[in-house]
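Worksheet for the structure shown next.
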Number of protein chains: 6
Amino acid sequence: MYQLGIVKRNIQRADRAAVDRLADFGVATLHEAMGRVGLMRPSMRPIYTGAHLCGTAVTVLLHPGDNWMMHVAAEQLQPGDVVVAACTAENTDGFFGDLLATSFRARGAKGLVIDGGCRDVKDLTAMQFPVWSQAISAKGTIKATLGSVNVRVVCAGAEVNPGDVIVADDDGVVVVPAAMAAQVADAAAAREALEAEKRAKLASGVLGLDMYNMRGPLEKAGLKYID
Amino acid sequence: MYQLGIVKRNIQRADRAAVDRLADFGVATLHEAMGRVGLMRPSMRPIYTGAHLCGTAVTVLLHPGDNWMMHVAAEQLQPGDVVVAACTAENTDGFFGDLLATSFRARGAKGLVIDGGCRDVKDLTAMQFPVWSQAISAKGTIKATLGSVNVRVVCAGAEVNPGDVIVADDDGVVVVPAAMAAQVADAAAAREALEAEKRAKLASGVLGLDMYNMRGPLEKAGLKYID
Amino acid sequence: MYQLGIVKRNIQRADRAAVDRLADFGVATLHEAMGRVGLMRPSMRPIYTGAHLCGTAVTVLLHPGDNWMMHVAAEQLQPGDVVVAACTAENTDGFFGDLLATSFRARGAKGLVIDGGCRDVKDLTAMQFPVWSQAISAKGTIKATLGSVNVRVVCAGAEVNPGDVIVADDDGVVVVPAAMAAQVADAAAAREALEAEKRAKLASGVLGLDMYNMRGPLEKAGLKYID
Amino acid sequence: MYQLGIVKRNIQRADRAAVDRLADFGVATLHEAMGRVGLMRPSMRPIYTGAHLCGTAVTVLLHPGDNWMMHVAAEQLQPGDVVVAACTAENTDGFFGDLLATSFRARGAKGLVIDGGCRDVKDLTAMQFPVWSQAISAKGTIKATLGSVNVRVVCAGAEVNPGDVIVADDDGVVVVPAAMAAQVADAAAAREALEAEKRAKLASGVLGLDMYNMRGPLEKAGLKYID
Amino acid sequence: MYQLGIVKRNIQRADRAAVDRLADFGVATLHEAMGRVGLMRPSMRPIYTGAHLCGTAVTVLLHPGDNWMMHVAAEQLQPGDVVVAACTAENTDGFFGDLLATSFRARGAKGLVIDGGCRDVKDLTAMQFPVWSQAISAKGTIKATLGSVNVRVVCAGAEVNPGDVIVADDDGVVVVPAAMAAQVADAAAAREALEAEKRAKLASGVLGLDMYNMRGPLEKAGLKYID
Amino acid sequence: MYQLGIVKRNIQRADRAAVDRLADFGVATLHEAMGRVGLMRPSMRPIYTGAHLCGTAVTVLLHPGDNWMMHVAAEQLQPGDVVVAACTAENTDGFFGDLLATSFRARGAKGLVIDGGCRDVKDLTAMQFPVWSQAISAKGTIKATLGSVNVRVVCAGAEVNPGDVIVADDDGVVVVPAAMAAQVADAAAAREALEAEKRAKLASGVLGLDMYNMRGPLEKAGLKYID
């Protein structure tokens with residue numbers, strides 16, 4: 001986070017096969033599979049309902065009101081990447097719109113996660129270019145100050161290293177460290193297998209109290225039933 | 001609100017016929033019919049557009065980051081109930097997802113109102129299980145601390161007693177005390193009858209200034225027209 | 001802003017032809033065409049996706065929890081107008097609903113921008129009456145205190161003079177001063193012409209770095225590429 | 001909460017001796033003694049550092065921007081009372097200033113807790129009249145709408161019944177139900193007795209890990225020490 | 001507000017005698033004397049307790065993260081001025097610190113009101129240079145983009161014209177239009193004269209209910225006393 | 001950030017001499033010396049005015065409403081350390097009070113920075129134990145879930161590695177990476193030397209416009225002076 005004016009060209013992206021497996025899971029499942037960590041703040045919301053994203057992070061560090069580095073980032077994109085844009089201070093300006101989306105898509109990028117504002121929402125929705133942002137704002141930005149590309153950043157409260165896997169859906173955004181991608185996919189698959197079974201039981205009327213054997217622990221904790 | 005570790009099994013639900021009548025009215029109308037009280041804070045939003053809910057409250061008091069009591073509440077649900085979950089501190093964690101929704105629905109519950117976060121929004125939308133929450137967050141919770149079920153709670157600024165009628169739509173959430181259900185339905189019906197007539201007049205170009213006889217009071221208050 | 005209890009009847013609306021031309025542009029484009037000014041705060045959001053609005057401002061100054069002046073404003077509306085409602089303090093009450101919308105529409109108004117709350121969202125959506133507001137809230141208001149109509153107001157951080165052009169879409173709300181309407185339309189048209197060309201280039205894979213000749217300035221600023 | 005236009009004259013105040021005992025404890029201690037409930041939201045802050053308050057609640061239900069009921073409440077005050085003002089919607093207007101403080105003090109009131117704004121902070125500080133509020137705002141209010149006095153209210157997320165004990169300090173505001181006053185004072189005293197001993201041990205360098213016997217449970221939970 | 005890149009050198013400052021009279025009144029009194037308008041949002045807070053300010057506005061329009069125009073403003077300052085800094089978007093960066101304060105003071109400025117962040121709070125407090133800001137933040141800014149000096153701005157929700165009188169204290173910030181300065185001072189003096197008398201009555205135990213003759217109107221509005 | 005249930009015992013603390021040198025500078029200066037990075041969000045505020053802190057980080061990762069790991073952290077403290085507590089979700093509960101402060105001080109800790117709430121503010125102030133927190137809240141916490149000690153954390157938007165230097169004052173909190181401590185101290189000293197000279201010039205009436213040679217760049221950027 002402390003390197004300004006740097007563009008790292010060669011980054012170690014997460015294993016493609018593992019990334020593809022992670023795309024099958026929702027954000028809530030993945031975050032549980034990692035032990036309830038790795039989430040960005042819930043103020044990060046998709047610009048349209050039903051958006052889904054899974055790819056490898058190319059990171060950008062911006063200054064408030066300045067999107068110069070987004071153009072620098074474009075050149076570093078490879079197919080399957082997701083741009084993750086952090087900012088040195090809280091700022092809701094519209095750093096990103098349909099022109100940059102056109103450029104990012106031409107480079108193979110799958111979407112954007114930005115701890116700032118986004119604009120041209122109607123066009124981006126028509127393009128089905130998914131964006132998670134802190135705000136929607138028409139406010140334009142300038143191109144005057146150096147930030148960095150592909151350094152470690154903090155985006156919406158989560159640490160993101162270049163090459164990490166970013167998964168985003170209606171529930172939010174989760175960061176899976178590149179080195180843990182396969183392991184998290186395994187844990188998520190195991191978790192989902194169990195969930196299908198649980199769902200069927202609950203649908204049939206079995207109570208979580210019984211399915212999870214909670215009655216004993218609740219009694220021990222002192223829970224009292226009264227009439 | 002001050003009883004922890006308590007589950008009340010027998011609660012007095014609002015009269016079913018009155019509940020059914022209340023289902024015909026919007027939240028704005030009901031809140032006016034009660035004298036402009038009973039609303040939860042406007043930060044409570046439905047997880048999908050067009051959601052509507054009317055049922056009797058089963059209340060839950062949670063601690064931040066802990067959804068243990070949700071499972072205890074499931075057992076107390078009867079067809080037509082709505083779970084109202086309050087929390088002892090502000091917290092946006094995702095206390096509720098599709099597994100609990102499956103369980104609640106199997107018990108006959110119509111939806112959830114939670115002063116906290118909700119997750120699995122895509123699945124809940126597919127299920128058409130309506131939820132009003134303070135936030136959408138993938139953040140999971142633990143099961144470690146006793147709260148209560150069916151005690152009086154404060155949820156998003158509104159007092160809710162077990163058995164009260166909860167009505168929610170795109171405008172927010174209103175609480176109708178069980179004992180007032182029929183009376184509020186009457187007042188709402190009277191109000192709506194008047195509104196249809198007013199709407200027709202206004203649509204024909206009659207001004208509210210004339211329809212409500214406001215010109216005199218405005219002049220008396222000192223309103224001046226200038227060119 | 002400092003005149004209370006005043007209704008100005010004759011206001012100078014922006015030239016109709018210029019207003020019609022401004023309707024062709026998005027909020028982001030117009031705000032850039034004015035030099036990145038004139039935007040309301042991004043907390044102003046449309047009550048339904050895809051809403052669009054362009055018209056001349058009839059302004060209203062309200063007090064918290066009091067919508068009396070909305071009825072006074074209705075009489076001042078002409079076809080093509082947009083009501084812009086400011087408030088003397090932050091307040092999320094539902095000052096506006098379907099009855100007022102019916103009245104405003106009967107007078108020819110195209111929509112509402114309000115630095116406060118809005119209700120009857122379902123009905124307003126069905127009517128396709130577009131509203132941008134700070135909040136959605138069922139909370140009703142009273143009719144007790146004089147504000148003003150057609151005085152200069154500050155709405156969501158932006159100055160609005162009666163007759164100014166208000167354009168709103170999914171990206172937010174922009175105010176174009178009446179005297180600048182034609183000039184801003186010209187600047188927006190010029191900007192859009194350039195954008196089409198840029199979009200095509202970027203879609204073909206040309207980088208913004210090259211299209212905007214940024215490589216030299218970035219190097220001069222000290223940007224370093226590392227491996 | 002659902003009674004508007006009501007003033008209850010005879011309320012059951014908490015036992016004076018118990019109130020006096022509660023005055024010896026801080027808000028954090030009392031809230032723990034009740035089982036970690038009864039707190040108002042942390043956005044309630046004292047207008048000056050070091051303020052402390054303990055008294056019996058006279059409740060007021062206000063509408064946004066309207067402080068009429070504060071004058072009605074003044075008449076119901078008895079020595080040792082604290083005014084607790086709730087509002088039917090979120091509002092930061094300055095409902096209270098030095099004139100009302102003068103009147104309340106003349107009636108024997110000890111201070112104010114208000115889910116709204118406060119003004120004349122300099123004068124109130126000079127008077128040493130303690131107030132906890134959501135905001136400081138010079139914005140004045142009107143006197144036009146009926147609320148209630150001495151009905152149950154929800155203030156900053158906490159239920160308050162007339163006669164309950166209100167304790168407030170730099171850490172926030174806690175509500176002790178009148179019927180529980182003596183019992184909570186006992187529990188708080190027991191808690192404080194233990195704290196003095198713990199404080200001495202910790203000051204001498206004993207670790208909480210040992211004093212609370214946490215090492216076993218931590219190991220059992222899976223905590224790993226690495227170098 | 002719509003002129004960027006402009007510095008107006010000759011502005012019409014409010015009459016000095018009237019400004020001096022306004023310095024005798026608090027913000028709450030002045031805002032009431034103007035009819036409850038002219039206040040900035042309550043999020044504007046002094047950086048130290050007890051700060052007070054009264055002077056004529058030199059306005060600055062900034063962009064997020066850029067304080068270049070503050071230096072341009074310094075040259076336009078005359079003894080008795082107050083700098084009022086607005087920003088084209090919400091931003092909490094520390095636009096202002098002890099160096100600029102030293103420069104402003106050398107030019108005769110009395111203080112600063114900024115819809116942004118401030119830093120070097122310890123030094124500014126030691127200098128007793130009063131600042132009202134939205135935030136305290138150490139975050140530095142750049143000098144890259146033109147704003148304006150001495151154009152009309154919107155600062156924290158209030159319109160400010162160059163030369164207007166700015167009064168600020170612990171209760172917030174109020175803007176008195178230059179042309180109304182004497183008249184507002186008169187109204188404030190009249191109001192204060194009445195307040196002294198009222199304060200004495202209230203202190204002696206007279207109720208506002210009686211002093212303001214509220215009992216009749218309350219009864220007419222339907223207030224009911226119960227036991 | 002992704003290791004739960006881990007306590008790292010041996011961490012590499014920043015060089016003591018460099019830490020001592022950093023203690024001489026304010027947060028604003030240090031953050032500029034690092035290139036305008038490394039700051040925590042401005043919502044982190046000291047619990048009392050004039051607090052100052054400089055030490056080496058022992059990090060803690062907490063879960064909402066659970067302070068168990070604070071006790072684990074206590075054992076890892078060495079004289080000169082600062083506890084930096086992050087949380088897996090936003091939470092304002094009072095994780096820290098005077099008992100933990102007593103324990104931390106007994107171990108030689110200089111203070112606490114916590115992305116959560118703090119309580120016992122009066123006692124902590126009396127102890128002069130400095131704390132920077134997101135909130136002040138009496139709300140107590142439980143001891144049920146494993147987090148970690150001395151792993152890399154994100155605290156209030158800033159990355160903190162165990163052993164990094166934490167400096168905090170009235171302007172906020174800055175993180176100086178351990179490896180950069182000496183270099184940042186050098187840069188800060190150079191910066192301060194320049195500032196003293198600048199301050200003297202500005203105090204004598206020299207304008208920043210001239211001292212920084214801004215007139216040319218401003219003219220080139222198009223700034224226009226009008227009368």
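The structure displayed is predicted, hence computed values, not measured ones. By convention in this document, chain letters (A, B, ...) are assigned in the order of the sequence lines, proteins followed by strands, and residues within each chain are numbered from 1.
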Contacting region of Ala89(E) [heavy-atom separation from chain A under 4.5 Å]: both
Heavy atoms from other residues, nucleotides or ligands near NZ of Lys122(A) exceed 12 (cutoff 6.0 Å): no
Between OG1 on residue Thr141(E) and NE2 on residue His63(A), distance to nearest 0.5 Å: 12.0 Å
Neighbour count above 12 (heavy atom, 6.0 Å) for Gln128(A) CD: yes
Atom CD of Glu192(A): over 12 foreign heavy atoms under 6.0 Å: yes
Gap between atom NZ of Lys139(E) and atom CG of Asn91(A) - 0.5 Å precision: 9.0 Å
From Thr88(A) atom OG1 to Asp93(E) atom CG, the distance as rounded to the nearest 0.5 Å: 7.0 Å
